[in-house]
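What you see is a predicted model; the values in this text were computed from it and never measured. Remember, it's 1-based here, ligands and their atoms both numbered in the order they're listed. In what follows, residues are counted from 1 in the order of the sequence shown. As a basis for the values below, the full set of heavy atoms in this structure was taken, side chains included, without hydrogen atoms, waters or symmetry mates.
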Amino acid sequence: MGDVTWPELPRAKTPTEFNVAGRRQLIGLTPAELAAWTAELGHPRFRARQIFRWLHAAGVKSFAEMTDLPAALRTQLAEVATPVTMEQETAQTAGVTRTAKYLYRLTADQEKVESVLMAHDYGWSACVSSQVGCRMGCAFCASTFGGLVRNLTAAEIVDQIIMMQHDMPADQRIGSVVIMGSGEPLENYENVVKSIRLMHEPDGLNIGYRHITVSTSGLPAAMRRLAGEDLPVTLALSLHAPNDELRSRLMPVNRVWPVVEVVAAARHYAEVTGRRVTIEYLLIAGLNDNPEQAVELGRLLSGLLVHINLIPLNPVAERPEFRRPSADRVRRFRDLLGGCGLTATIRREMGGDIDAACGQLRNRATRRGRRTGIANDGET
Ligand code: SAH
């Protein structure tokens, strides 16, 4: 360990390169950027606030609907900009778990991303993707089998929420967001951070920073950078194993940044922000769900400001050898952690009946294996 390096992501395209037919994707602009842009077009800055509200709070998808703007401005906007970054391709709902899973087609290049809307007792939460595909290569994850296609723009990350919000009854709103769909958010750092600031805007979705969670497979440098952003968001670390031997088998990223380094970065995050870090621990039958492993995990995390979220595996078709442990075994694991003085909860099963394990819907809709991951392309 330590002699392996993680390949750099090739330069991401800039958001303007995703503009459709030369039209600017306005959702990705902050209020200040939108005001500057509106001023450049020769309009008073207060128009920007109206436009921002229409785009982010009302979620309208045409300038014609922005009824408090002068007709001439609406026509001009339609010529140079677009309020659309994606179209809904399919939606599946599961009544029992009150979960809806959406597949969106991105207007810029017809790629597809998945997003999930979940009803909790505390309200609605949205799970959004940060990349098309993923290059992390985790053995159990359906999002990564086709490799990474590209980063999402900030506009495309936020628009997933706007689209889902628009699909809900008018008196209900999305109150929390988890960036836990396809992709590694910390590999798309700038766009993800910008999208977080956009979802927080009071004139827009108005989602509290404390209700936003960024989930990472464990990139220590980026975790530390996020700690310094002064954004009180929750960091979730996908740990999934208590030691390097097992974690490296499940998550190739661990061969570069081992357990001790990611746990140190999680500790740093908790210390700097004062916020409890979520440790995600996927339970796979016979692999990482033994009582000894619970105790090993307990020792590893003891004394840390963390909450452990136990996730019984969502089986994926491509990996039939990975199975979900019995409910008894999951509870046993939780209780052993409790015995170590740690708080652990079992994630309510969500959407297993609608392919809600990351990437499964897109895999079904896309021809698999069409692309290879950057990590597998030899671009090291
Ligand atoms: N790349 C980030 C965020 C996307 S994955 C990360 O790794 O955290 C979001 C979460 O879903 C991670 O904890 C991931 O390990 C988990 N996950 C992936 N495949 C899963 C499966 N088949 N069943 C249950 N959880 C899964």
Side-chain angles (χ1 to χ4, degrees), residues 6 9 97 99 101 113-116 118 125-148 151-152 157 160 177-189 192 195 212-220 222-223 226 233-241 246-247 249-254 256-257 262 265-266 269 277-285 287-289 307-325 330 346-363 373 375:
W6 193 252
L9 257 192
T97 49
T99 305
K101 179 136 191 175
V113 289
E114 291 172 40
S115 324
V116 185
M118 294 161 285
S125 91
C127 174
V128 297
S129 294
S130 56
Q131 296 180 318
V132 181
C134 182
R135 64 170 187 157
M136 303 316 286
C138 301
F140 44 79
C141 181
S143 297
T144 202
F145 295 145
L148 176 69
N151 280 337
L152 294 183
I157 299 170
Q160 295 169 63
V177 173
V178 292
I179 308 180
M180 254 186 216
S182 296
E184 171 47 54
L186 296 187
E187 283 217 311
N188 186 14
Y189 190 93
V192 164
S195 78
I212 299 173
T213 299
V214 179
S215 179
T216 181
S217 54
L219 307 176
M223 290 161 75
L226 189 65
V233 295
T234 299
L235 179 68
L237 169 64
S238 298
L239 195 59
H240 305 333
L246 183 56
R247 192 165 190 268
R249 263 166 58 203
L250 294 174
M251 303 178 70
V253 68
N254 193 74
V256 184
W257 294 289
V262 284
Y269 192 88
V277 171
T278 300
I279 301 291
E280 291 164 284
Y281 194 97
L282 188 61
L283 285 162
I284 311 175
L287 207 70
N288 66 354
D289 66 338
H307 173 90
I308 304 167
N309 202 354
L310 298 172
I311 316 165
L313 177 84
N314 248 322
V316 297
E318 293 84 349
R319 290 280 188 275
E321 69 276 26
F322 288 157
R323 286 169 298 106
R324 172 185 297 188
V330 172
I346 300 165
R347 181 178 295 174
R348 174 158 79 88
E349 268 173 45
M350 291 284 212
D353 45 345
I354 52 164
D355 291 341
C358 306
Q360 297 194 63
L361 201 60
R362 174 172 164 261
N363 287 355

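- Residues N288 and L283 are in side-chain contact: their nearest non-hydrogen atoms beyond the backbone lie under 4.5 Å apart.
- Heavy-atom proximity to H240, at under 4.0 Å, picks out these atoms of ligand 1: 13 (O), 14 (C), 15 (O).
- Among S215, G181, S129, the residue whose heavy atom sits closest to atom 4 (C) of ligand 1 is G181.
- When non-hydrogen atoms are compared, ligand 1 lies under 4.0 Å from the backbone of E184 as well as from its side chain.
- In this structure, E280 is part of the shell of residues with a heavy atom less than 4.0 angstrom from ligand 1.
- The distance from ligand 1 to the heavy atoms of L282 drops below 4.0 Å at these ligand atoms: 23 (N), 24 (C), 25 (N), 26 (C).
- Rounding to the nearest 0.5 angstrom, the gap separating the CZ atom in R324 from the CD1 atom in I311 is 11.0 Å.
- Close contacts of ligand 1 with C141, meaning ligand atoms under 4.0 Å from a residue heavy atom, involve 18 (C), 19 (N).
- Listed by atom number, the atoms of ligand 1 under 4.0 Å from G183 heavy atoms are 1 (N), 2 (C), 3 (C), 4 (C).
- Inclusion of I179 in the set of residues having an N or O under 3.5 Å from an N or O of ligand 1 is not warranted.
- If you check the side chains of E280 and S238, you find a donor sitting under 3.5 Å from an acceptor.
- Between the side chain of Y269 and the main chain of A236, no donor-acceptor pair closer than 3.5 Å is present.
- Counting heavy atoms under 4.0 Å from ligand 1, residue L237 does not touch it at all.
- With hydrogens and angles ignored, the 3.5 Å screen pairs no side-chain donor or acceptor of S143 with any backbone N or O of G183.
- Ring geometry for Y281 against H240 counts as perpendicular: the plane angle is over 60°, on a 0 to 90° scale with 30° as the lower cut.
- The side chain of V316, and not its backbone, has at least one atom closer than 4.0 Å to an atom of ligand 1 (non-hydrogen atoms only; side chain from C-beta on).
- Across the listed options L239, I311, N314, N314 owns the non-hydrogen atom lying nearest to atom 23 (N) of ligand 1.
- Judged purely by distance below 3.5 Å, without hydrogens or angles, the side chains of Q131 and S182 never pair a donor atom with an acceptor atom.
- The main-chain N or O of S130 is found under 3.5 Å from a side-chain atom of N188 such that the two form a donor-acceptor pair.
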